[in-house]
Amino acid sequence: MDIRKLLKASAEAKNLKFGKIIHAHLIVINQISRNRVIEKNSLINHYSKCGDLLSARVLFDKMRKRNVVSWGSMMSGYLQHGYAQEVVELCKHMVKVEKLSPNKHVLPMVLSSCSSCGLLDEGEQCHGYAFKSGLIFHQYVKNALVYLYTMCSHLKAAMRVLDSSPRLDLCTYNILLNGLLAQGDMNEASCVLRRMIEELEWSRWDGITCVNVFGVCGHLKDLILGRQVHGRLLKIGLDHDLFVGSSTIDMYGKCGDVSSMRTVFDVLRARNEVTWTAALTAYSQNEWFEEALKLFLEMDRENVVPNEYTFAVLLNSCAGLSALGYGSSLHARVEKVGLKHDTVVGNALIYMASKCGLIDDAHSLFESMLDRDVISWNLMITGYSCHGLGMEALGVFQQMLSEGKQPSYVTFVGVLSACSLLGRVDEGFYYLNHMMREYSIEPGLEHYTCIVGLLGRARRLDEAEKFIRSNPIRQDVIAWRTLLNACLVHQNYGLGKKVTDILLEIGPDDAGTCILMSNMHARAKRWDKASAVRKLMRERNIKKEPGLSWIEIRNDTHVFVSGDTNNVESVQIREKVKKLLAEIRTLGYVPDIVTELHDVDEEQKEDWLSYHSEKLAIAYALMKSPPGAPIRVMKNLRMCDDCHSAAKYISKFTNRTIIVRDANRFHRFREGLCSCADYW
DNA sequence: ATTGTGGGAG
């Protein structure tokens, strides 16, 4: 039997023990010492493949005479076990000291190492050599070069390498799509995808191709193409591949088809923690937070070990629900399995604390992080802004800059909202210009909307209107809604009416804006116009969501619906609300009945007001929680003026801190005042 | 006659 073939087989099987036996045999029959380069190369390759790099290196270093294959075998070991830097060093050494030239096997490995280490200079040197030597015509070399350039964001250079190729092979397409996906260049990715569909038979696709194509579908939310690919891979029989399965789930999740996602998940035979996490992520991204948490219980039952991404998704689901109780138990579990210092998990913990209203906890978590990325900083800045703490937000931003961190698009959204909270108009405009000049970040809709909010809050309403008209946000509902809100707060009903008419023309598609418009009509006493808003809602099929509030008491969630009479304890809760409202009237509370339906009597209006869901929730929390404990209420809609006013008085009367998370931001009521300074 | 290019989740 051929010794070399045996060594090759044991290398492929990664059977370290078997190779060692052959090694011993070679020593015994005295073949190894007689400078048989090929046998030694085979041994180096064997140890390399099995991950025993030390043994490979000892053999390699002891060789008196080495050829290119010896170097190549050594390099392949380093490359496959994550020591790319070492491959580049070996190559330099090989060329310089032993005057050997890389061949068609060695060059792809060196190029691959350059790509993963970001060594563009060295990679370009390889390109030059490939050109001179003619190796550039070799498919493997060409692909490795394409990989280098796509990974270094030199797309044009990558395409130039391909100019001489009439047809691309599967591997090239996989490299290109993977690189374009990583960079989020969807325009180019769809072009490449279209060309691939034309040139390559579906049947030749492999698992990597499917994963990449699903990636493109997910990015573009192209469910049609996604379904087509799914159908094809069922035919090829790739659907039971672990990687393909996970990416199918991911694709359906990103395209919003949650039920297909679940069907795929249920029939998959091969599932690992990634598959499960992909399903959890799909639920979470589509805001099916309870389903995510429920599926995790099953994952636990099947003893699949969660990883950092699993915990991150679960914590984000808790954040979405403001489920502090479950979130805290996940936090404990994260500590137990030693993932506390992971950046992804740390970010999710900050987000969860912040979304549950515990902004101080969020900050301590932030402070205790070992590796903060730009997301950590953004979470803290936007978190403080959502809690109305502008000074703190700007403080974190300054700290970020002084530590030399690069701010991003999202960073400036947080910074501009902080400026708005503090009424710092000039500073806001300074940052708007600065982000472009200093950091080359093109301002987007969110930033412009922040500026509208900034001007509006500073009572510079006419400037805000001009600003909207002079920018790409001219037709943006959110920008006009922001201005409308400013008009309401500053009681400028003249401009408010105008803005409402503009909004009516653009035609908003969300209930929140419609409610604001109705409020404007009510405040301006334009009852005749109210029907126009109702008509718009009918035409656009906009449903007024019922007002929901919920609170957690000892790990139980209690949900309250506006006007609800079905709660078992509803009689007691209603009595408690009535009593509270009577009590705070002595402090100066006056019900704000203007925005309730106008064609009923006042008593009826007051009655409706008193059953707004957040009032029910606060009353229930007062009944069930120990004296002095803070009360945390979550709400699906924006808080109305009357509840806001009532909450202020209740906080004073009962000497409690009341934190309300509404659809947009946090209100922290203490001693009769709110952290939003009555502007929200 | 011993070495080689591309991988899923936040």
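Note that the coordinates shown come from a computational prediction; the quantities given were computed from them, not determined experimentally.
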Looking at every strand, decide which applies to [X] at a 4.0 Å heavy-atom threshold: base, sugar-phosphate, or nothing.
X        : answer
A:Ile208 : base
A:Ser247 : nothing
A:Tyr309 : base
A:Asn347 : nothing
A:Asn212 : nothing
A:Val344 : base
A:Asp241 : base
A:Asn272 : base

Quiz item: What are the bounds, 5' to 3', of the part of DNA chain B that sits under 4.0 Å from heavy atoms of chain A?
Solution: B:dA1 to B:dG10
Pair up each side-chain donor or acceptor in residues 219-238 of chain A with any protein partner under 3.5 Å, not counting sequence neighbours, and list the distances.
unit_1	atom_1	unit_2	atom_2	d
A:Lys221	NZ	A:Lys254	O	3.3
A:Asp222	OD1	A:Ile224	N	3.3
A:Asp222	OD1	A:Leu225	N	3.0
A:Arg227	NH2	A:Asp257	OD2	2.9
A:His230	ND1	A:Tyr252	OH	2.8

Exercise. Determine, for A:Phe60 and A:Arg66, whether the Lys NZ or Arg CZ falls below 6.0 Å from the six-membered ring centre while staying within 45 degrees of the axis.
Key: yes
Quiz prompt | Residue pair A:Thr310 / A:Met299, side-chain heavy-atom distance below 4.5 Å | solution = yes
Quiz item: With side chains defined as the heavy atoms from C-beta onward, is the minimum distance between A:Met74 and A:Asn45 less than 4.5 Å?
Solution: no
Quiz item: What pair of heavy atoms forms the shortest contact from A:Ser113 to A:Val88, and how long is it?
Solution: CB-CG2, 3.8 Å
Quiz item: Hey, would you say the A:Phe18 and A:His46 ring centroids sit under 6.0 Å apart?
Solution: no
